[in-house]
Structure formats: structure tokens, C-alpha cells
Amino acid sequence: MTADGGLETVRAGALTTVQDLGRPGYAHLGVPRSGALDLTAHRLANLLVGNPESAATLETTLTGCAVRALAPTTAVVTGAPCPVAVDGRPAPWGQPVRLRAGAVLEAGAATHGVRSYLGFAGGVGADRVLGSRATDLLSGLGPAPLRDGAVLPLGAPAPGARAVPDAAPWRTPGPELVLPVGYGPRDDWFTAEGLRTLVTGIYRVSAASNRIGLRTEGPALARRREGELASEGMPLGAIQVPPEGRPVLFLADHPTTGGYPVIGVVPAAALGAAAQAAPGTAVRFTPVRSGSVSGAAGVPPPR
Amino acid sequence: MTARAEPAAAPGPAAVADRTTEPAPPVIRPVGSRGLLVELATAEQTEALHAELLRRRADGSLPPVGEIVPGARTVLLDEFGSSAQARRLAAELPGWQVPPLTAGSGAVLEIPVRYDGPDLADVAALWGVAPDEVARRHAATEFRVAFCGFAPGFGYLTGLPEPYHVPRRATPRTRVPVGAVGLAGAYTGVYPRSSPGGWQLIGTAPRTVLWDTARTPAALLAPGTRVRFVPLDGERPSPDGDRPPDPGGPPDREERP
């Protein structure tokens, strides 16, 4: 399956990891789902080089990365827009580029957003762990983050693979990250004022954010109950509130169980935008109907 | 729930403990639009509901759901196909007749243990017995994996009766070696890799690899697995390090067990 060649890391950047669709379905064993934080950008990178969406891409963080193609291949950069260069010459972002053997593809620092995705025909060919090639930074599963000089294999492009040539539009992150939130399961651990604070307060993305969670700075959420919960399952998109009171939004590498109350859950479809919100970005949580069990949760329940 | 006569006496401590009393119905909480958190009154009810959910998933009578994650008093059901499926199950589940867990038939996973942990004497003092007696009672207990978490392969094992529950150490260790057997609260656990940890360490499981991604299944312990610890009497640690291989992991992992 693996073609000769592969990629040599010329510049690993701040944090570049191998990502795919992750390992859903193993949370009961303590295994985070992991996978690309901006799944739309990951899928698009694969589409543009003729891969199935399950093929692995490289996910960069703020400063991009540079890799040398050891054999001819086709590559594309999606996600956070950044200057793209091949052997130092400008190349288009969001459009497939042909790389000859030895050519260096450089994704520069993100001009908007945080995470760019580098797709290669055939996909990055690291070994699978529990069905996925994703790097899970919480558990240490999957390939280690890229280091300068590291060589990664590429898979063989599927026979008859056809790239989808039209780049889908990419929404530039706005000045504000708006996250819909359905209250629960532990909204009853907060005062009515605490529930209101979540959806009226202005938060900012903390520099301490990572693939595990988007941390925020802003007003603390007042609680009616102190202490910790007995450990319980934590969903993707959970807004967990540690004792100091600032909401933490759980992203793909989040722990599968935890003891801090989850005030609400952000739908998975909104998490790609969260993954592209740079430190300092304003965050606003907006209430949505939970619709699931307890009916309308559009306004904080009176208590 | 099926109709069953309530005890005539007003509910008091005796009535609550009466096995014929219907358990309180589960509390069901929303998790986004396609998930539910089912909260139960006791660990036993939680494990019984989890077993029932797996039975119903296996026989096809549970709507497809991405994750079934038990916790100490909860089961998280996440990623139903639609919010309507989640709503329907939320309405139906409190009426389920969930059989209590039966002490088991079937295989019990045996984990050989040397009871040589650095906190064995402290645990013996808390139990009010000699260290040998801690080993004897621990090894005489049948455990069950209530839930997993903290790290891949780490199971929270229930089975020790309440008088043997011990607090976490006042000061967590910065490094607990792979294979260490610890106690905290209602739980026993075996560290699948070296990590920080605050559990009271009573022994070492030198032969058991809890997590191996080259193996199927990778995790030796899954929720519901029955476990017994078998003392390695009179065996000395081998000089070349008597521990299972450490699969490693991020060193800065948040300490919890």
C-alpha cells in the first residue's frame, strides 16, 4: 500500500500532528476520540487530492510547517489560510499543487485562524492504532508530533482516484467566536445567575487552549453546589467548569470521564470554528433549545 | 416498572435496605441534542443498567448510539442517530425492568499480584488489620470493572465493601510505576503505565499488560469485566525490573487516579 517516498519534515512548526477522523466508539475504554479538530478543512484537503475523507492529513498550529516530498506527489493546504510556497515560490492556498521529488512544500504562519491542513495524494501513511492514524495528545496514542527531520510514509493513491477540483469556500473566522450551547447535563450545579453569565458574558480564547480543550478567560460561573461529581462520561463539545469557574470547551482529545460539572454542550458542527479561534478571540455562548429531554432550554430555567 | 407492592411500613432505613423495594427511577439529563446522561442512585444499579444497555445493543433493540460510557453513578449515551431517538429512549428507559447484577457465571480475569506496595502498612492501619490480612481480603474479593477512564486501559474496579474504602493519599506521587495496584475511595485500579497518581499503592502486578495496541482487544479491562487478584506468594522481584512494559504517554497528563 505504501508507495516509495513519503515526506521528510523540514520544519515541524509549533505543533504539527497526523490527523484523520479519529477513534470514535472507544470512550468506554478511556480512549479519546481524537482526529482533526477542523473536520471540514480535513475533509476538503482529502477531496482536493482525490483521497477518501478517512485518509490522514497533517494538522498544523499557528506557525505552519514545511515538508519535502521524497517522491512526486500532489498536495494541498486547507484550513487556516496561510502563505503557501513550493521551493520558495508562492503557490496557491486551497488548490492542489504538484510536487516533484525533492520539492519542499511550505505552509507559513496562519494569517487567519489556527490550524492548517496539509493533504497529500494517498494520505499520510502512519500505522493505525484502533483503526486511526490520529495523534492523541492526551493519551499519547498514534504517531508522535512531527519533529524536524522526521520521515512520514505516504499511502498509494487509490487507483482511479479523482480530485474534486473546486475548492469549497472557507469561512474566515470572524472577530468573534459564536458557540451555540444546549444546557445540561449538570446545569443544576449552577445558580440562575451563573447560567445567565454563560450566555451574556464576554469570554476570550485563552492561550492555554490546545487539542484537549478550548480554555476561556472571562467571568466565573457561580455555582450552587461545591465539590466534585463522581466521575462520569464526558461528551465531545462538553463545556466543563472547573472550580475556578471559567468554561472549558472539550475538543477531540478530551478526557472521556471527569468530575467537574458540564453546564452545557456545543454541537459537533460548531467545533471546527472553535478549533480556528486564535488566542484572544472573543467568545460568545448562545443558548439553543436542547430539544432532547427536558424541552426548551432557550433561557436559563428559573430557580 | 412492573407493579409490585410497596412495603407497608413507612420508608425508613430498614425499608430502604429492603431488597424488595423498587429502586428509585433513574434521572435522565440532556447531553446536547443527541445524547442522554442516565443517573442512578447506586453503583450496583449503574452497573446493572450498563449491562442491560449492552444486552439491548447486542440484540438490536437499542437505537444505534455512538458511545455508551459508564461512570460511577451514571451512564452516558451519546450520538444517537437523531434527537428523536434520544427523546424516545429517555421516555422509555425509566420503565425498563433491569435485572440486578448476578454474581457471576463465566470467566473471571485473574491478575497475579505481589502485595508489596509502599502504602500497604497505611492501608492496613486504616482497615485495622495486619498487612498480610489486607492482601488476603483483597485477594478474596471478586471485583468488577465499573468504568474506565484517566488513561486507556485504566479500569475503576468495584467490589471492596464500604468499610475498606480508603481516601487518596494526602500528597499524590509524581510518579507511580506501571503495574502498581492502588486503592482510592470505592475503587481498586492497576496503573497501565507510569504516571502521577494519588492512590494508596498496595501491590504490583508484574505479569499483566493492561493496554497493548498491538493486541486485540487493546484493553484487557472493559466495563463489566470480572477480576480477581491472585497473590504471588513468596516470589521475589527479579533484579532486571519486574514490571510490565510501560507503553508511555504524555508526561504532563493531569493526575487523577
Side-chain angles (χ1 to χ4, degrees), chain A residues 23-33 127-130 136-142 144-145 180-188 212 228-239 242 253 255-259 262 264-270 288-295 297, chain B residues 27-37 39 43 46 50 66-80 83-84 86-87 89-91 146-156 185-187 192-193 211 213-214 217-219 221-223 247-251 253-254 256:
Chain A
R23 316 184 165 83
Y26 294 103
H28 63 290
L29 300 178
V31 178
R33 131 189 352 232
D127 288 340
R128 284 196 181 91
V129 175
L130 300 180
D136 163 6
L137 293 178
L138 186 76
S139 308
L141 300 184
V181 49
Y183 285 110
R186 297 291 178 183
D187 47 331
D188 57 339
I212 297 165
E228 283 191 33
L229 288 156
S231 285
E232 64 186 29
M234 291 283 141
L236 180 68
I239 303 174
D253 288 359
T256 59
T257 59
V262 171
V265 177
V266 174
V288 293
R289 255 181 65 92
S290 89
S292 140
V293 193
S294 58
Chain B
V27 176
I28 301 188
R29 298 165 178 276
V31 175
S33 64
R34 294 190 297 136
L36 306 172
L37 184 73
E39 184 172 21
T46 306
H50 177 251
E67 307 275 2
I68 300 179
V69 189
R73 297 284 184 278
T74 56
V75 181
L76 171 67
L77 297 159
D78 201 15
E79 296 177 19
F80 285 99
S83 54
R87 261 199 311 277
L89 191 72
F147 61 98
C148 297
F150 170 64
F154 188 89
Y156 291 77
Y187 305 108
R193 64 184 182 214
W211 176 255
T213 57
L221 304 180
R253 178 67 200 265
E254 180 190 349
R256 193 159 162 94

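FYI, side chains are in, hydrogens and waters are out, and symmetry mates aren't considered; it's all heavy atoms of this structure. Just so it is clear: chains get the letters A, B, ... in the order the sequence lines come, proteins before strands, and each one is counted from 1.
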> Does a side-chain heavy-atom distance below 4.5 Å link B:F147 with A:S231?
Replying inline: yes
>> Quick check: do A:H28 and B:H50 have side-chain heavy atoms less than 4.5 Å from each other?
In response: no
>> With a 4.5 angstrom heavy-atom cut-off, is it the side chain or the backbone of B:L89 that approaches chain A, or both, or neither?
In response: neither
> Within a strict 4.5 Å, meaning less than it, do heavy atoms of the A:L29 and B:P223 side chains meet?
Replying inline: yes
> Would you say the side chain of B:L37 lies within less than 4.5 Å of the side chain of A:E232, judging by non-hydrogen atoms?
Replying inline: yes
> Is the shortest heavy-atom distance from the side chain of B:V69 to the side chain of A:Y26 under 4.5 Å?
Replying inline: no
> Could B:E39 and A:R186 be called an ion pair, given the rule that one side-chain N must be under 4.0 Å from one carboxylate O?
Replying inline: yes
> Minimum heavy-atom separation for A:L130 to B:A218, with atom names?
Replying inline: CD2-CB, 4.0 Å
> With chain B, which of A:G184, A:P235, A:G237 has the greatest number of heavy-atom pairs at distances under 4.5 Å?
Replying inline: A:P235
> B:F154 and A:T257: side-chain contact (heavy atoms from CB on, under 4.5 Å), yes or no, with the steps?
Replying inline: CA-CA 11 Å; B:F154 188 89; A:T257 59; over 6 Å; no
>> So for B:A219, is it side chain, backbone, both, or neither that comes closer than 4.5 Å to the heavy atoms of chain A?
In response: side chain
> Any salt bridge between B:R29 and A:D188, counting N to O under 4.0 Å?
Replying inline: yes
>> Using every non-hydrogen atom in the two residues, find where A:L236 and B:D78 come nearest and quote the distance to one decimal.
In response: N-OD2, 4.3 Å
> Any side-chain heavy-atom pair from B:P152 and A:L141 closer than 4.5 angstrom?
Replying inline: yes
> Which atoms of A:P24 come close to chain B, meaning under 4.5 Å heavy atom to heavy atom: side chain ones, backbone ones, both, or neither?
Replying inline: both
